Amino acid sequence: MMDHSSPSGILLLRPARHSANIPAMPHPESDPFALDDAIPFPPPPARARGGEPLPVPADAPWLAGLNPEQLEAVTSLDGPVLVLSGAGTGKTKVLTARLAHILASRRAQPWQCLAVTFTNRAAREMKERVAGLVGPAAQDLWLGTFHSLCLRILRRHAQAVGLGADFTVLDADDQLRVLKQVMADQHIDAKATPPQALMGVIQRWKDRALTPDKVRGEHASDVAGGRGPELYRLYQDRLKGLNACDFGDLLLHTLTVFLADARVLEHWQGHFRYLLVDEYQDTNVAQYLWLRLLAQTHRNICCVGDDDQSIYSWRGAEVGNILRFDKDFPGARVVRLESNYRSTPHILGAASALIAHNQGRLGKTLRSGLSHESDSVEKVRTRAVWDGEAEARLVVEEIETIQRRGETLSSMAILVRAGFQTREFEERLITTGVPYRVIGGPRFYERLEIRDAMAYLRLVASPADGLAFERVVNTPKRGLGEAAIQSVHILARHAGVPLLEAARRLVETDELKPRARQALAGFVSDVARWRSLLDSMPHAELAATILEESGYVAMWKADKSPDAPGRVENLKELVAALEEYESLATFLEHVALVMENDAKAEQDRVAIMTLHGAKGLEFDTVFLPGWEEEVFPHARALAETGTQGLEEERRLAYVGLTRARKRALVTFAANRRIYNQWKSQLPSRFVEELPDEHVERSADRGLHGGGRQDSNAAWNESGWSDVRRSRQTARPAPAPLKTAPRQSGGGFRAGDRVFHDKFGNGSVVAVDGNKLEIAFDKAGTKKVLDSFVSAL
DNA sequence: AAACGAAGCTTTTTT
DNA sequence: AGCTTCGTTT
């Protein structure tokens with residue numbers, strides 16, 4: 001997705017050629033538009049650059065089917081443009097068409113266009129769609145996330161911020177590890193100051209483009225007893241020492257480079273003739289500054305956003321950016337897209353009424369751009385259920401019903417507020433055998449074994465990678481304890497050399513006990529040997545060799561825990577994935593930024609994801625569970641930022657509803673177990689804010705519907721008023737309304753053959769209530785809940 | 001040095 | 001509850 005190799009320290013005039021598996025293309029200068037015949041562009045004129053823009057035929061395919069506003073957004077090429085684009089109004093269509101239009105008009109070459117998205121997924125989608133319109137020229141666009149584009153730029157100027165061109169990008173895990181080390185060095189009590197919290201503060205500083213020396217006054221924080229800025233500086237120093245940077249640094253360093261060297265800034269300002277920005281409402285200060293700097297010369301910047309979908313203020317996003325656009329870019333043209341082509345009128349009506357409860361919006365009216373047969377249009381439904389289990393049961397039953405009517409599972413999604421909510425649905429889906437996929441769950445590259453393996457590869461690719469060294473030097477166990485590692489650290493710090501080099505020197509001394517010395521010597525020479533193979537051996541093969549010879553694979557093969565076989569599988573997958581890349585370095589770079597599950601073979605599955613993760617997606621059917629006070633709106637959002645927090649939660653609800661094309665089901669439970677404590681829940685205020693004319697409310701027997709029309713009488717009748725008073729107190733799980741005891745429950749007896757989704761087949765050894773002890777054929781003996789197994 | 005057990009924290013959202 | 005982290009034991 002990005003290009004990976006460019007000589008450091010040289011200002012290239014255009015991006016380096018794209019990597020491996022993309023077919024080689026003619027040099028842009030000799031043949032700027034290597035287009036298929038099918039692509040309706042005229043041949044390049046002799047004076048392509050700087051010449052008059054070419055007229056674009058009005059019947060160009062990307063202009064087909066655009067409404068007047070969309071058309072304006074696409075064709076207003078000169079000068080700043082702000083597109084206020086409500087949910088489902090065709091924003092991606094506009095962005096892609098605009099790119100095609102720019103290229104067709106010859107106002108810029110592909111590599112002079114910068115298009116920024118927030119997620120890799122959005123970037124990929126946009127690239128595919130643009131490629132569909134303009135062909136392979138799409139490959140030459142600067143199209144990606146802020147982070148990947150910054151990385152690409154920063155690689156060329158790394159030395160200006162004290163990094164080598166081959167610096168590594170740390171993921172969240174490594175970041176925290178480094179920060180913990182810094183804190184330990186400074187004798188900061190990790191209990192009084194949770195590293196996570198300090199990390200968060202530092203990141204917020206970075207989001208605001210504040211380097212350590214700029215943190216003061218209003219931005220100061222009292223974390224770590226006011227030593228935050230100092231620790232921030234030490235953390236940054238430490239990163240430089242490791243020749244590494246974190247996500248926030250990608251932007252921060254790029255800004256630093258721009259501001260430190262006018263020549264560099266001018267170069268890039270001149271380079272990018274057109275800027276397109278997706279999800280503008282979610283840009284933070286650093287990103288905003290970055291954009292504003294880059295847009296100065298040509299001033300052709302087009303930002304697309306929706307203030308009602310701003311849901312990332314917690315990570316530094318400033319809705320204000322969208323509100324002040326025309327101050328920063330005087331004369332900006334503002335285009336509103338208000339025709340929704342996604343959802344039914346009921347869904348639109350419900351969502352619009354909900355979001356209308358927010359103050360301080362730019363204000364848009366979404367109208368339906370679709371025609372619906374009135375009888376096929378369902379109202380948004382809300383339903384009160386007894387507890388989380390009933391909720392999961394209801395949702396899964398509903399899924400099965402809809403599926404039986406002929407709709408696909410992949411047209412349905414369960415959108416939760418927070419990750420922990422997924423569990424109950426997963427359990428239910430497993431017991432009923434409905435295929436599902438958790439999106440944004442534990443990612444492939446975040447798994448323990450993958451991170452270990454990657455550390456091996458990193459260490460071999462760049463021997464100075466101290467974090468990688470630490471991670472694998474005693475994994476698998478080589479008998480190197482804390483004392484030995486400590487010695488390496490001391491020597492490294494003393495001599496000012498990387499850990500691996502320090503280790504090499506250390507084994508030549510008598511510092512270590514013979515045993516440890518031998519182990520370390522073995523490790524050092526192993527790494528040296530693998531390194532010597534770097535150029536001669538294909539990298540995938542090399543990776544396999546490393547994992548074998550280090551004993552890492554053997555370690556998992558010997559591990560008896562049930563997930564060990566899976567880990568070995570994952571390692572194989574990792575090696576296989578490597579083959580897709582040109583080199584080890586390209587691969588490592590890719591992984592640093594695009595930490596995604598490369599979704600496997602498309603199967604028909606229900607998606608489960610967070611509301612945040614769902615932004616930009618759409619489904620025929622959307623399930624919105626857990627609409628209860630303190631869950632959604634989340635208690636912490638309210639506690640931390642009050643009204644602002646509440647409005648952001650409401651926008652989140654709006655995002656959730658507007659994901660639905662045909663139907664939405666909102667559910668809320670009367671009781672929920674949170675941290676192992678049963679709590680009585682109140683329906684979310686958002687439930688009540690939904691307008692009756694677009695909503696159909698119902699409740700399980702004995703529960704009230706949580707709606708406006710439900711009187712207090714109903715409230716009192718159900719006995720909830722008492723509950724409300726004492727809702728903070730823990731109480732045993734009430735179960736008056738439970739129907740029959742779990743059906744999947746009883747029935748198992750010792751000796752039964754059963755199947756478990758994760759552990760496979762096995763025999764029941766013992767039964768304890770709903771807990772079964774099962775001897776699995778492959779995974780060993782485990783205690784599992786009966787709901788996870790089915791009889792064979 | 002490794003293995004075991006107790007204690008404490010988590011869970012809001014992510015590039 | 002489940003997981004990680006820390007401290008203790010072998």
Side-chain angles (χ1 to χ4, degrees), chain A residues 116-123 144-151 169-173 175-176 180 190-191 194-197 199-200 203-204 206-207 245-252 278-279 282-284 286-287 310-317 415-424 427 439-443 445-446 448 474-486 513 515-516 519 592-596 609-616 626 630-641 645 648-649 651-653 655-656 672-678 733 771 783 785:
Chain A
V116 203
T117 63
F118 262 81
T119 63
N120 292 302
R121 192 191 66 219
T145 60
F146 276 105
H147 300 273
S148 66
L149 294 170
C150 280
L151 176 61
V169 182
L170 266 36
D171 60 36
D173 226 66
Q175 280 175 42
L176 203 60
K180 280 179 185 165
K191 288 191 189 94
Q196 301 267 16
M199 194 77 246
Q203 268 162 4
R204 291 299 78 76
K206 290 187 177 183
D207 289 337
C245 72
D246 65 21
F247 273 91
D249 285 337
L250 290 173
L251 264 149
L252 193 62
D278 193 12
E279 308 280 14
D282 285 329
T283 49
N284 60 35
Q287 290 161 338
S310 161
I311 54 175
Y312 282 104
S313 72
W314 51 272
R315 82 174 194 210
L415 308 183
V416 297
R417 173 63 183 85
F420 74 89
Q421 291 172 271
T422 62
R423 219 187 82 209
E424 244 158 343
E427 288 179 6
I439 295 178
R443 306 176 221 206
Y445 291 114
E446 282 171 7
L448 175 75
N474 197 33
T475 314
K477 303 266 183 280
R478 296 188 172 86
L480 291 163
E482 198 167 332
I485 307 297
Q486 212 43 47
K513 296 196 187 120
R515 222 200 181 90
L593 249 66
V594 192
M595 290 266 253
E596 283 185 297
M609 66 186 92
T610 63
L611 288 161
H612 285 89
K615 190 162 76 157
E630 313 225 311
V631 174
F632 188 39
H634 196 279
R636 232 141 112 175
L638 265 49
E640 277 163 24
T641 41
E648 180 146 319
E649 295 287 297
R651 290 193 291 269
L652 208 41
V655 168
R672 197 173 285 279
R673 197 171 52 189
I674 295 169
Y675 302 141
N676 204 24
Q677 299 229 308
W678 280 93
K771 277 184 227 139
K783 286 204 176 100
L785 289 176

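Predicted model, so just to flag it, every value in this text is computed and none were measured. By convention in this document, chain letters (A, B, ...) are assigned in the order of the sequence lines, proteins followed by strands, and residues within each chain are numbered from 1.
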>> Rounded to whole Å, please give me the gap between CZ in A:Arg204 and C1' in B:dT13.
In response: 11 Å
> How long is the line joining NZ of A:Lys615 and P of B:dT15, in whole Å?
Replying inline: 11 Å
> Roughly, in whole Å, what's the span from CZ in A:Arg121 to C1' in B:dT14?
Replying inline: 12 Å
> OP1 or OP2 of B:dT14 less than 4.0 angstrom from a side-chain nitrogen or oxygen of A:Thr610, does that happen here?
Replying inline: yes
> Under 3.5 Å, side chain of A:Gln287 to main-chain N/O of A:Phe146, donor-acceptor pair present?
Replying inline: no
>> Which residues pass the side chain to side chain donor-acceptor pair (under 3.5 Å) test with A:Gln175, not counting sequence neighbours?
In response: A:Gln203
> Distance-only, no hydrogens or angles: does the A:Arg478 side chain make a donor-acceptor pair with backbone N or O of A:Ala519 under 3.5 Å?
Replying inline: no
> Can you check the A:Gln287 CD to B:dT15 P distance for me, whole Å?
Replying inline: 12 Å
>> Using atom P in both nucleotides, what's the gap between B:dT11 and C:dC6 to the nearest angstrom?
In response: 16 Å
> Rounded to the nearest Å, what distance is computed from the CD atom of residue A:Glu279 to the P atom of nucleotide B:dT15?
Replying inline: 12 Å
> Under 3.5 Å, is there a donor-acceptor pair between the side chain of A:Asp246 and the main chain of A:Asp249?
Replying inline: yes
> Any side-chain N or O of A:Asn474 under 4.0 Å from OP1/OP2 of B:dA2?
Replying inline: yes
>> Just the rounded figure in Å: distance from P of C:dG2 to CZ of A:Arg673.
In response: 9 Å
>> Tell me the interatomic distance from A:Glu424, atom CD, to C:dA1, atom C1', rounded to whole angstroms.
In response: 12 Å
> What are the two closest heavy atoms between A:Thr145 and A:Val116, and how far apart are they?
Replying inline: C-CG1, 4.0 Å
>> Please compare A:Gly481 and A:Thr117 by the position of their nearest nucleotide in DNA chain B and report the one closer to 5'.
In response: A:Gly481
>> Does A:Leu480 reach a base, just sugar-phosphate, or nothing at all? Heavy atoms under 4.0 Å.
In response: sugar-phosphate
> Contact class for A:Tyr312 vs. all strands (heavy atom < 4.0 Å): base, sugar-phosphate, or nothing?
Replying inline: sugar-phosphate
>> Please report the distance, rounded to the nearest Å, between CG in A:Leu415 and P in B:dT13.
In response: 14 Å
>> Tell me every residue that passes ring pair (Phe, Tyr, Trp, His ring centres under 6.0 Å) with A:Tyr312, counting only those two or more places apart in sequence or in another chain.
In response: A:Trp314, A:His612
> Salt bridge between A:Arg315 and A:Asp207, side-chain N to carboxylate O under 4.0 Å?
Replying inline: no
> Among the nucleotides B:dA2, C:dT5, B:dT14, which one has an atom lying closest to any side-chain atom of A:Lys180?
Replying inline: C:dT5
Restricting both atoms to N or O, compile the protein contacts to nucleotides 10-12 of chain B shorter than 3.5 Å, with distance only.
unit_1: B:dT11; atom_1: O3'; unit_2: A:Arg636; atom_2: NH1; d: 3.4
unit_1: B:dT12; atom_1: OP1; unit_2: A:Arg636; atom_2: NE; d: 2.9
unit_1: B:dT12; atom_1: OP1; unit_2: A:Arg636; atom_2: NH1; d: 2.5
unit_1: B:dT12; atom_1: OP1; unit_2: A:Arg636; atom_2: NH2; d: 2.8
unit_1: B:dT12; atom_1: OP2; unit_2: A:His634; atom_2: NE2; d: 3.0
unit_1: B:dT12; atom_1: O2; unit_2: A:Arg417; atom_2: NH1; d: 3.0
unit_1: B:dT12; atom_1: O2; unit_2: A:Arg417; atom_2: NH2; d: 2.0
unit_1: B:dT12; atom_1: O4; unit_2: A:Glu640; atom_2: OE1; d: 3.1

